[in-house]
Amino acid sequence: MKTLIANIYKNNNNKNKIKGILYKKDFKNIKIEFKKKNEYYIIFKKNDILKIVIINKKFKVLIKEIKKHPYKKEIIHIDFLIND
């Protein structure tokens, strides 16, 4: 299982980061961000299962949706569903 280290989202408009959200029923959504790396474009596929580490907490997640820039094909945003 692939592991991703993420940070809590800050309200700056940093273009070198990919934004995302962790969500689950009866769970407060967590906005996250992580560095853009070329390897992520190979790793991230819809319905893949990953492990995300945020401030010493580990979440097993399912990639629900990946939003890409229309013509640059860069990942802009990823929705992660927490999978217990």
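All values derive from a computational prediction rather than experimental measurement. Heads up: numbering here begins at 1 and tracks the sequence. Note that these values count all heavy atoms, side chains included, but never hydrogens, waters or copies made by symmetry.
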Please set out all donor-acceptor pairs under 3.5 angstrom arising from side-chain atoms of residues 19-27, sequence neighbours excluded.
residue : atom : partner : partner atom : Å
Lys19   : NZ   : Asn14   : O            : 3.2
Lys24   : NZ   : Asp84   : OD2          : 2.3

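Checked against side chain to side chain donor-acceptor pair (under 3.5 Å), Lys35 has no partners two or more places apart in sequence or in another chain. For Lys28, the side chain to side chain contact (heavy atoms under 4.5 Å, CB included) criterion is met by no residue, not counting sequence neighbours.
Closest approach of Phe44 to Asp48, counting heavy atoms only: C-OD2, 4.4 Å. Nearest heavy-atom pair, Ile66 versus Lys46, reported as atom, atom and distance to 0.1 Å: CD1-N, 3.9 Å. When all heavy atoms are compared, the tightest approach of Ile76 to Lys68 is CD1-C, 3.7 Å. The two residues Ile54 and Ile52 make their nearest non-hydrogen contact at CG1-CG2, 3.7 Å.
Once rounded to the nearest 0.5 Å, the distance linking CD of Glu65 with CG of Asp79 reads 5.0 Å. Note that CZ of Phe34 and CD1 of Ile75 are 7.0 Å apart. Values are rounded to the nearest 0.5 Å.
Within the 4.5 Å cutoff, the side chain of Phe59 has no heavy atoms near those of the Ile32 side chain. In this structure, Ile49 and Leu62 have side chains that are in contact, with non-hydrogen atoms separated by less than 4.5 Å. Under the 4.5 Å side-chain criterion, counting only non-hydrogen atoms from C-beta, Asn16 is not in contact with Lys36. Using a 4.5 Å heavy-atom threshold, the side chains of Ile63 and Lys45 count as separate.
Taken together through direct or relayed side-chain contacts under 4.5 Å among Ile, Leu, Val, Met, Phe, Trp and Tyr, Ile18 and Ile8 form part of one hydrophobic cluster. Grouping the Ile, Leu, Val, Met, Phe, Trp and Tyr side chains by contacts below 4.5 angstrom, directly or via other members, places Phe80 apart from Ile5.
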Practice task
Run the numbers on Val61 and Ile82 for side chain to side chain contact (heavy atoms under 4.5 Å, CB included), then give the verdict.
Solution key: CA-CA 4 Å; Val61 298; Ile82 297 173; 4.3 Å; yes

